[in-house]
Structure formats: C-alpha cells, structure tokens
Amino acid sequence: METLERDTGDSKEASSSAEIQNSWVEAQDSLKTRLVTEDDFRWQLPTAASTAIGGGECGVLKYVGGVDISFAKDDPSIACGTLVVLDLQTLELVYEDYSVVTLHIPYVPAFLAFREAPILLQLLEKMKTCDHPFYPQVFLCIYFLFNLLSSNSGIVMVFGCEQMLMVDGNGILHPRGKCPPHWQTFCWIFFPVSAYCSSILLNGFGLACHLGVLANLPTIGIGKNLHHVDGLSQSTVRQLLETKGTNEDILSLRGDSGRTWGAAMRSNPGSFKPIYISVGHRVSLATAVKIARMTSKYRVPEPIRQADIRSRDYLRKHQSGG
DNA sequence: GCGACAG
DNA sequence: ATCTTGTCGC
C-alpha cells in the first residue's frame, strides 16, 4: 500500500495515505468551526471620498497581502513560498519576503493546505515579529492584547487592522462542503437550529480558509481554475458566461444544491476564462469581489500576480548561480 | 464502477 | 504546480 511520511517530532512514522487523509479531514472539520464567512474587520473599503481626502486616515483599508508558492522545474519538492504586500491605492509593492524549503507532503486535491499552509504561515509569522514602517503601531498593541485574550490558536498574528490577505487557492469553494440537492432547504424548514450548525460545517474549507483561521486574518481565495464541486464545472461556467453576454462580468457560482460557493469574474468582456473568487475568512463574498475588482489590472489580481511572478523569479535566481 | 479533482 | 514557440494585437 502506498505510504506517506509524517513528521512527528523526532521519529518518523509511516502511515497509510487513507489514515493521513482521515486525520486531514478531522483537522479541517475542527478548524472549520472557527470559520467566519461574513465581514469581520475594523477597516472600511476606500471610497471616492476617502481617496480624495488623501486615504491616510485610520480605518480605511490600505494594504493588501498576497501569497503564492512556486516550484523548481527539476525538483518538484523544492518550493519557494512568497508573501507580498501592496498598497491598495497605488498597487505598489511595499513588502516582499521569500522562503525556499523542501516539501515532504504531496499535493492531494482538496488537501492543498496541508502542503502549502506551513510555509506561508511561517512567512506571516516572520512579518509579525519584525517591525515595518507601514505597520500601524497603535493598532499593533491593541491587536496584540486582543489576540492574547481571545486566541485559541497557537499562532498570535499581528498583521495590523488595515490589511487583508489574498490567497492563491480557494476559500469555501472546496469539495468538502458537498451536500445532496435540496438537503439544505429541507433542514432549514424542519430543523432550523441544527441547520444553522450544519451551515457552518457545510462550507468547504480550502487553503484561504485554512490560512485565515490559523493566522486570524481576513482572507479571500482566488482560484485560476475551478475545483469541481456541487455540479459546477469549467464548461458550465463558461456556458453561463456566454449566455450572460458582455453585460455582466460577474457570475454567482450556485451549485446544484442551491448553495452559493463563490463568484466567477472576468476582467475582459471578451475573455471567457474567469477567476474564481470565494470567501476565505472574516470577509463576505460581496467584499471579496470588490477587493478583487479594485486590485485587478489584468486577469489575476495584482497581489496574487506579483507573488506569482516574483516567486518564480526568486527561485530561478537562487537555484542556479546563488 | 469510473471519472473528476485548487496548487 | 511545471515544460514550452511563436504569434497576434494594443
């Protein structure tokens, strides 16, 4: 039987892939109970008025982070994790950091986070421990206290109150939330209380959710391809976009069950290859779409695109020639 | 039973 | 995720 290696401190245990996947499912379910799928942050999105005044006031979202991972062409186990932070107004880069590591966990569809989250969390931790000029220092102390009092995760994140993170990968648009058609409606009518509890568990839990919960950060998930779920497929989405014509560039991703998993957005009216936006953590879909739109110069929003490009460049420069 | 399956 | 050439268009 195929086995995967698992690091448990000093000793390495070999477990069957089925066992490991079961433990991954448990971990996802447990983290999922802490997931917040509505707006839960202190800042506001910049408006025309706030930018006219200058955009420097407290409370207006000023920075957007982006994370991505690239891989070496010769050795797929060598990876470069990247964290960038862009100014939301100018889309200029204000921070970048890289970490080249060897990955031992394979990519398994629906369990991407177990492969990629550790390296990305490490970059976020590192940023937390260093002071950076664009950090709102006042919030930093308050937020730190708040985290100390309320945190039940092992990671206390101080990212400031005016930032959020875009993740290359999905949020709740993820297959573990799959449910039979009309099951949800049935439950809401006859068992409203348990349905409320289930509605939490029915969410998928992709990389963006995983990172958001562990780092206690607002996150949104950006997929460049669709992870098929609840009857949704790339061809379905393209057909729907075609029937919508050029009037609308945004499409709500409603599955067979009636559940909305996210949104498909195309930057160009003529392009039928959209990006897939979904809620990560502490951000509603409406807000996620707004932020994706205001950071999109090209098909892929800038935070993700910059992380993507720079990650590949960094790996190229540092694997050959030093 | 078989295929599909983010990065 | 990565390997890949040119080509068409702003």
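Scope of the values below: all heavy atoms of this structure, side chains included, with no hydrogens, waters or symmetry mates. Quick caveat, the model's predicted, so the values are computed rather than measured.
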- [ ] Go through B:dC5, C:dT2, B:dG7 for me and flag the one nearest to the A:Arg115 side chain.
- [x] B:dG7
Task: Single hit among A:His174, A:His210, A:His281 for ring pair (Phe, Tyr, Trp, His ring centres under 6.0 Å) with A:Phe205 - done: A:His210
Open item on the list: Expressed as a whole number of angstroms, how long is the span from A:Leu315:CG to C:dT2:C1'?
Closed with: 11 Å
Open item on the list: Does either side chain, that of A:Ser284 or that of A:Asp39, offer a donor lying less than 3.5 Å from an acceptor on the other one?
Closed with: yes
Open item on the list: Quick check on C:dA1: is either OP1 or OP2 less than 4.0 Å from any side-chain nitrogen or oxygen of A:Lys224?
Closed with: yes
Task: Pairs flagged by salt bridge (charged side-chain N to carboxylate O under 4.0 Å, His left out) wherever residues 92-113 of chain A is involved - sequence neighbours left out - done: A:Glu96-A:Arg310, A:Asp97-A:Lys126
TODO: Give one of base, sugar-phosphate or nothing for A:Asn170, where a contact means two heavy atoms less than 4.0 Å apart.
DONE: base
TODO: Give one of base, sugar-phosphate or nothing for A:Ser70, where a contact means two heavy atoms less than 4.0 Å apart.
DONE: sugar-phosphate
- [ ] Nearest whole angstrom, please: distance from the P of B:dA6 to the CD of A:Glu116.
- [x] 12 Å
Open item on the list: Just by distance, no angles: are the side chains of A:Asn216 and A:Arg34 close enough, under 3.5 Å, to form a donor-acceptor pair?
Closed with: no
Open item on the list: Using a strict threshold of under 4.0 Å (side-chain N to carboxylate O), is an ion pair present between A:Arg305 and A:Asp308?
Closed with: no
- [ ] For A:Leu120 and B:dG7, give me the distance from atom CG to atom P, rounded to whole Å.
- [x] 14 Å
Open item on the list: I want to check something: taking the side chain as every heavy atom from C-beta on, are A:Met164 and A:Thr287 in contact at a cut-off of under 4.5 Å?
Closed with: no
TODO: Provide, to the nearest angstrom, the distance between the CD1 atom belonging to A:Ile69 and the P atom belonging to B:dG7.
DONE: 12 Å
Task: Side chain A:Ser296, main chain A:Ala292, donor-acceptor under 3.5 Å - done: yes
Task: Base of B:dA6 paired with side chain of A:His174 (donor-acceptor, under 3.5 Å) - done: yes
- [ ] Indicate, with a heavy-atom threshold strictly under 4.0 Å, whether A:Phe71 touches base, sugar-phosphate, or nothing.
- [x] sugar-phosphate
Open item on the list: Give me the stems containing DNA chain C, sorted by first residue, counting only three or more consecutive Watson-Crick or G-U pairs with both distances under 3.5 Å; say none if there aren't any.
Closed with: none
Task: B:dG7 base stacked by A:Tyr107 (centroids within less than 5.5 Å, tilt under 30°) - done: yes
Open item on the list: Taking 4.0 Å as the cut-off, does a side-chain nitrogen or oxygen of A:His228 come that near to OP1 or OP2 on B:dA4?
Closed with: no
- [ ] Mind listing the closest non-hydrogen atom pair of A:Leu124 and A:Leu211 along with its distance?
- [x] CD1-CD2, 4.5 Å
Open item on the list: B:dA6, OP1 or OP2 - any side-chain N/O from A:Tyr276 closer than 4.0 Å?
Closed with: no
Open item on the list: Between P on B:dG7 and CG on A:Asp68, what's the gap in Å once rounded to a whole number?
Closed with: 9 Å
TODO: Rounded to the nearest angstrom, tell me the gap between atom CG in A:Leu211 and atom P in B:dG7.
DONE: 15 Å
- [ ] Go through B:dC5, B:dG7, C:dA1 for me and flag the one nearest to the A:Asp308 side chain.
- [x] C:dA1
Task: Whole-Å gap separating P (B:dA4) and CZ (A:Phe111) - done: 19 Å
- [ ] Report yes if a side-chain nitrogen or oxygen of A:Arg312 is closer than 4.0 Å to either non-bridging phosphate oxygen (OP1 or OP2) of C:dT2; otherwise report no.
- [x] yes
Open item on the list: Need one value for A:Phe114: base, sugar-phosphate or nothing, where a base atom within 4.0 Å counts as base even if backbone is also close, heavy atoms only.
Closed with: nothing
Task: Whole-Å distance separating the CG atom of A:Leu103 from the C1' atom of C:dT2 - done: 14 Å
Open item on the list: By the 4.0 Å heavy-atom rule, please label A:Leu173 as base, sugar-phosphate, or nothing.
Closed with: nothing
